[in-house]
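Each remark here refers to the structure printed beneath this line.
Atoms within each ligand, like the ligands themselves, are counted from 1 in listed order.
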Amino acid sequence: MGSQFRLIFYAPDSSTAQRAASQAFGRIEELNNILSDYRDGSEINRLSARSGTGEWVGVSPELFDVISASRQISQRTGGAFDITVGPVVQLWRRAMRRSYFPEQEAIRQARQSVGYRYIKLDAPQRKVLLLRKGMRLDVGGIGKGYAADEAVRVLREMGINSVLVDAGGDLTLGDPPPGQSGWRVEVSSGTNADSVQTLELSNVGIATSGASYRYLEHQGKRYSHIVDPRTGVGLLHHVRTTIIAPNGTLADALATALSVAGIDRGKKLLKRFPNVQVWLLETKGDRIRSWNTLPAPSSERN
Ligand code: ADP
Ligand code: MG
């Protein structure tokens, strides 16, 4: 998934800790083999390769789980989050690497196989049908959070509950460290002008998405690696979105979704997600707007 994972947890002794760490990392590696779209042979790429054939493809429980969670989030975000953006993401990745702006025609073609409604699921048989030819599932916006949640689950099964999983900056937290009321987490809006908030948190997922470092510059405009599924174009407004949600999967996906939606649409979408907090910074031209529903900070610095 292109991210380094880090685990912090409290175990009764070091040999238990060793064993637990290798189980949790093993689980993350397993999920990477299934979900990575950088590996030709990954299960998700093999599934995408069969799009448009009319074939119902049997998949692993994990892949089915991620796809059905994604589809649900698509429905609840009006399609702002959509794992069928793969063909468009590929186009933008290539364009970013070689520094050119994709042709209108190429964007139009890629968009034809984008749409979460083209994913059909058969839960009892655990099968997936991808209706359109050229579809490519891309779980880059949810996989890290899912893997972090799974690592926490694996540790809990071993009786280890005080856990922090860091998936390249996105966190899933279990119970607090022993004797403490939470994990101290610093959240920042990413600008110098804005403050850093320190929160004490447990049993939540925290994720940040943003256009800050991966983008394509063309005629003075910056296009993000997060794309709007409706237009097939990288986001133009500069956003940085931090989400706190009941788990890492939802936090990861909503950070991407609300980046696409922006503040105005985001406010409407968030009503459908109880127990989710957001800190979104949006830049359009010279105008910077901030939307912050995070819990009152336990301390604040400027
Ligand atoms: P980051 O890579 O900064 O952690 P995200 O969690 O937002 O950011 O994930 C961005 C990735 O999600 C992209 O690289 C792409 O693979 C995928 N993606 C881009 N746009 C969307 C979208 N609208 N819906 C779902 N996934 C997306
Ligand atoms: Mg995300």
Side-chain angles (χ1 to χ4, degrees), residues 1-5 32 35-39 42 44-45 48 66-67 69-97 102 107 110-111 113-119 135-149 166-172 190 205-216 222-245 247-262 265-266 269 273 276 278 280-281:
M1 284 168 279
S3 284
Q4 193 141 5
F5 280 68
N32 192 41
L35 300 175
S36 170
D37 79 314
Y38 286 98
R39 298 188 181 190
S42 68
I44 197 164
N45 282 352
S48 294
V66 174
I67 295 174
S70 299
R71 212 180 50 152
Q72 238 175 57
I73 295 169
S74 293
Q75 285 159 350
R76 291 168 74 193
T77 59
F81 182 83
D82 190 336
I83 58 166
T84 67
V85 291
V88 170
V89 169
Q90 293 293 317
L91 193 67
W92 283 92
R93 252 187 222 156
R94 220 174 309 131
M96 256 181 237
R97 240 186 349 253
I107 296 174
R111 272 183 61 207
S113 26
V114 174
Y116 65 90
R117 290 189 179 83
Y118 304 141
I119 304 176
M135 285 176 77
R136 188 181 172 107
L137 302 186
D138 175 342
V139 295
I142 191 171
K144 268 187 295 180
Y146 184 82
D149 287 352
D166 175 352
D170 289 356
L171 310 177
T172 296
I206 305 145
T208 299
S209 280
S212 40
Y213 61 102
R214 287 166 70 193
Y215 57 82
L216 172 75
R222 286 181 176 185
Y223 297 83
S224 164
H225 72 295
I226 301 173
V227 300
D228 186 336
R230 293 186 301 190
T231 59
V233 176
L235 298 188
L236 253 181
H237 56 273
H238 257 214
V239 281
R240 183 183 165 101
T241 309
T242 298
I243 297 281
I244 303 179
N247 58 65
T249 307
L250 187 60
D252 191 3
L254 284 184
T256 308
L258 289 195
S259 294
V260 172
R265 225 174 118 206
L269 292 184
F273 295 92
V276 171
V278 59
L280 199 163
L281 213 82

Closest to atom 9 (O) of ligand 1 (judged by heavy-atom distance), picking from G145, S70, G140, A255: G140

Element-labelled atoms of ligand 1 that are located less than 4.0 Å from some non-hydrogen atom of D252: 6 (O)

Check: G141 N/O within less than 3.5 Å of ligand 1 N/O: yes

D252 backbone or side-chain N/O/S under 2.8 Å from the Mg ion (ligand 2): yes

Over 12 non-hydrogen atoms of neighbours within 6.0 angstrom of CZ in R117: no

D149 versus T172, side-chain donor and acceptor atoms under 3.5 Å: yes

Shortest heavy-atom approach to atom 10 (C) of ligand 1 - which of K144, H225, R93: H225

Euclidean distance, Y38 OH relative to I44 CD1, rounded to 0.5 Å: 13.0 Å

V260, T256, L269 screened by side chain to side chain contact (heavy atoms under 4.5 Å, CB included) with T77, the one that passes: L269

Enumerated ligand 1 atoms positioned under 4.0 Å from heavy atoms of I226: 7 (O), 19 (C), 20 (N)

W92 vs V227, side-chain contact (heavy atoms from CB on, under 4.5 Å): CA-CA, chis, key distance, verdict: CA-CA 9 Å; W92 283 92; V227 300; 3.9 Å; yes

Atoms in ligand 1 with a heavy atom of V260 nearer than 4.0 Å: 23 (N)

Working for side-chain contact (heavy atoms from CB on, under 4.5 Å), residues F5 and D166: CA-CA 6 Å; F5 280 68; D166 175 352; over 6 Å; no

For P229, the ligand 1 atoms whose distance to one of its heavy atoms is below 4.0 Å: 23 (N)

Atoms of ligand 1 close to A80 [distance to a heavy atom under 4.0 angstrom, numbered from 1]: 22 (C), 23 (N), 24 (N)

Proximal atoms of ligand 1 relative to S209 (non-hydrogen, under 4.0 Å): 5 (P), 6 (O), 7 (O), 8 (O)

Separation of I83 CD1 from D37 CG (nearest 0.5 Å): 11.0 Å

Pair S36, S42: side-chain N/O donor-acceptor within cut-off below 3.5 Å: no

Test of proximity, G210 against ligand 1: N or O pairs below 3.5 Å: no

The Mg ion (ligand 2) contact by S209, N, O or S atom under 2.8 Å: no

Stepwise side-chain contact (heavy atoms from CB on, under 4.5 Å) check, Y146 with N247: CA-CA 9 Å; Y146 184 82; N247 58 65; over 6 Å; no

Part of V227 within contact of ligand 1 (heavy atoms, under 4.0 Å): both

Heteroatom proximity flag, T256 to ligand 1, N/O under 3.5 Å: yes

